[in-house]
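Encoded as structure tokens, the structure appears first; notes follow it.
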Amino acid sequence: MSNIIILPWLNIREPIEVGPFRYVPVDLQYDAMEYEDREILTQAVEPFRIVRERSLRSFVLVELQGETYLRSYSEDEIERFKFFNNLLTISCLSNRMFFQPMGGYINSDTLEYYIRRYSPERNFQTVYGRKRDGHIMSINTERSEIIKKPVHVSRILPYVPDITLLNSLIAAKDELRDRYWYKIYNSILNFISGNTDNIKISPTQEIISLRSSFELLLSERNLQSDFSDVIVEFTELRLLEEFPEILERPGRLEITPEVPICEAWIREFIALRDHLAHGNSLSLIETRWSLHEHLLLASFINPVILKWFLQEHGQYTLNNRDIARFKAFEQLAGVQHFVDYLERENEEGFEYPWNTIFSRYLHRAFIEEHIRNNE
């Protein structure tokens, strides 16, 4: 019995080497391949649907390097694949852009994988789960299942992961002490679980996961002070009083206008998580930042905190784009982003405030990098 591993919703342009595995983009309409391979792959993806009744034509195929894509994977090899797929997932999430209607955005469910069993007699079967007693929960063939693309997953444009981060993480696994790698990997797992966009996952669950992700990277002394200390490494802190749009909002926490906005944000983020984690209703707490604003800002800054942690342990070098994220964070935290822009989106020259702010910092980073490379 052979297996095939596919990622039906991921869209990449070029093959990606991920440890011992190779992620290969396949397009059944245009790629040249042997007739037998085309038939096998067509059968493998027949249940998957993007729109209406049309089966999937393009997808990502996983190969163990030096082996055929159709092979009998051992349980250990499957676990290794899951591990490396998590590293690829955080590398994709690290590179995403927000407020991009035509692409550049990705979530962890985009890298959902399926392991399908193949035999010439039965064609393909999908194993859906396992029970605590070890028995398989459900096996379906392509004749008895249709797997629709989740509505919160987009495949508009090919996506480019952060390959530098990916390679740094792979190297760090072997080079760092177990204590530090434990922090890194479990932070990654928590970040992934807090960035699904799945309607079945509540924002409360996501904010709890994101808080855990931060704590693993910033827990040597105190999450609040450590977070501010990292931000101040790269930019001069701006006070809350400089952002009247945020300052004037009601908030349960007594935060004076003279504190840095990054400190005000992390304090409220921690308090909001603690409030929700103890089963309290969101309506019982007033916050300057809404729950969704907290999730947005945390998801934006967490991957670069991970990169900072890797740099602290000699496994990564922050580049100008990374530093631009640190520099932009306080300005992004000082603007209301979840506003109904439906009437303005079609206006000529309209741009989301998030993109206006962040692109300014990215532009400066590109100029600085260009000057440095030409000195």
According to a hydrophobic-cluster definition based on side-chain heavy atoms being under 4.5 Å apart (Ile, Leu, Val, Met, Phe, Trp, Tyr only), do [X] and [Y] belong together?
X	Y	value
Leu239	Phe243	no
Leu165	Val160	no
Tyr105	Ile199	no
Tyr185	Leu216	no
Ile255	Trp265	yes

Q: Test Ile188 against Thr89 for side-chain contact (heavy atoms from CB on, under 4.5 Å), laying out the working first.
A: CA-CA 9 Å; Ile188 290 171; Thr89 300; over 6 Å; no

Keeping the roles fixed (side chain from [X], backbone from [Y]), state whether a donor-acceptor pair exists under 3.5 Å.
X	Y	value
Arg116	Asn3	no
Thr235	Val232	no
Ser359	Asn355	yes
Asn186	Tyr182	yes
Ser187	Ser213	yes
Gln65	Gly19	yes
Ser228	Ser225	no
Glu268	Arg288	yes
Tyr23	Val18	no
Glu215	Ser212	no

Q: Among Asn167, Asp322, Thr164, find the residue that satisfies the side chain to side chain donor-acceptor pair (under 3.5 Å) test when tested with Tyr316.
A: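 Single side chain to side chain donor-acceptor pair (under 3.5 Å) partner of Tyr316 among Asn167, Asp322, Thr164: Asp322.
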
Residues, nucleotides or ligands: over 12 heavy atoms within 6.0 Å of [X] [atom1]:
X	atom1	result
Glu79	CD	yes
His363	NE2	no
Glu258	CD	yes
Phe83	CZ	yes
Glu34	CD	no
Asp178	CG	no
Glu245	CD	yes

Could you grab the distance from atom [atom1] of [X] to atom [atom2] of [Y], nearest 0.5 Å is fine?
X	Y	atom1	atom2	result
Arg267	Leu272	CZ	CG	14.0 Å
Leu10	Leu88	CG	CG	7.0 Å
Trp289	Leu297	CH2	CG	8.0 Å
Leu223	Leu217	CG	CG	10.0 Å
Leu295	Ile207	CG	CD1	5.0 Å
Leu7	Leu61	CG	CG	9.5 Å

Q | Salt bridge Glu206-Arg273, side-chain N to carboxylate O under 4.0 Å | A |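 Salt bridge between Glu206 and Arg273, a charged N being under 4.0 Å from a carboxylate O: no.
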
(Q) Among Phe84, Phe81, Phe21, exactly one meets ring pair (Phe, Tyr, Trp, His ring centres under 6.0 Å) together with Tyr113. Which residue is that? (A)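 In the set Phe84, Phe81, Phe21, the residue that makes a ring pair (Phe, Tyr, Trp, His ring centres under 6.0 Å) with Tyr113 is Phe81.
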
Q.
Quick check on ring pair (Phe, Tyr, Trp, His ring centres under 6.0 Å): which of Trp308, Phe329, Phe269 does Phe227 satisfy it with?
A.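 Only one of Trp308, Phe329, Phe269 forms a ring pair (Phe, Tyr, Trp, His ring centres under 6.0 Å) with Phe227, namely Phe329.
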
Is a side-chain donor-acceptor pair under 3.5 Å present for [Y] with [X]?
X	Y	result
Asn107	Thr110	yes
Tyr159	Asn95	no
Ser2	Ser72	no
Arg360	Gln331	no

Q: Could you pull out the closest heavy-atom pair between Leu64 and Pro20, with the gap in Å?
A: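 So the two residues come closest at CD1-O, 3.5 Å.
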
Q: Grab the two heavy atoms, one from Arg22 and one from Val24, that are nearest each other, plus how far apart they are.
A: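 Distance-wise, the nearest heavy atoms are NH1-CG2, 3.4 Å.
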
Q) Between Phe300 and Trp354, how do the two ring planes meet: parallel, tilted or perpendicular, split at 30° and 60°? A)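 Correct class here is perpendicular.
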
Q: Specify whether Trp9 and Tyr114 have parallel, tilted or perpendicular ring planes, treating 30° as the upper limit for parallel and 60° as the lower limit for perpendicular.
A: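 If you compare the ring of Trp9 with that of Tyr114, the planes turn out perpendicular.
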
Any side-chain heavy atom of [X] within less than 4.5 Å of one from [Y]?
X	Y	answer
Leu210	Asn195	yes
Arg325	Phe358	yes
Leu218	Phe309	no
Leu111	Val60	no
Asp109	Pro150	no
Glu330	Leu237	yes
Met33	Val26	yes
Lys307	Ser94	yes

(Q) Determine whether Thr317 and Gln311 satisfy the following criterion, side-chain contact (heavy atoms from CB on, under 4.5 Å), listing intermediate values before the conclusion. (A) CA-CA 6 Å; Thr317 301; Gln311 177 172 276; 4.2 Å; yes

Q: Please step through salt bridge (Lys or Arg N to Asp or Glu O under 4.0 Å) for the pair Glu46 and Arg49, ending with a clear verdict.
A: CA-CA 8 Å; Glu46 199 280 333; Arg49 299 288 191 272; 3.6 Å; yes

(Q) I'd like to know whether the aromatic ring centres of Phe59 and Phe48 sit less than 6.0 Å apart in this structure. (A)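 So the answer is no for these two rings.
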
**Q.** Stepwise side-chain contact (heavy atoms from CB on, under 4.5 Å) check, Leu276 with Leu291
**A.** CA-CA 10 Å; Leu276 295 174; Leu291 174 58; 4.1 Å; yes

Q | Ring-face cation contact, Tyr73 with Arg71, 6.0 Å cut, 45° max | A |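 Yes - Arg71 lies over the ring of Tyr73, closer than 6.0 Å to its centre and within 45° of its axis.
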
**Q.** Option from Ile301, Asn302, Leu306 for which side chain to side chain contact (heavy atoms under 4.5 Å, CB included) with Val304 holds
**A.**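 Exactly one candidate clears the test, Ile301.
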
Q: Check step by step if side-chain contact (heavy atoms from CB on, under 4.5 Å) holds for Met97 and Leu362.
A: CA-CA 12 Å; Met97 302 291 285; Leu362 283 179; 4.1 Å; yes

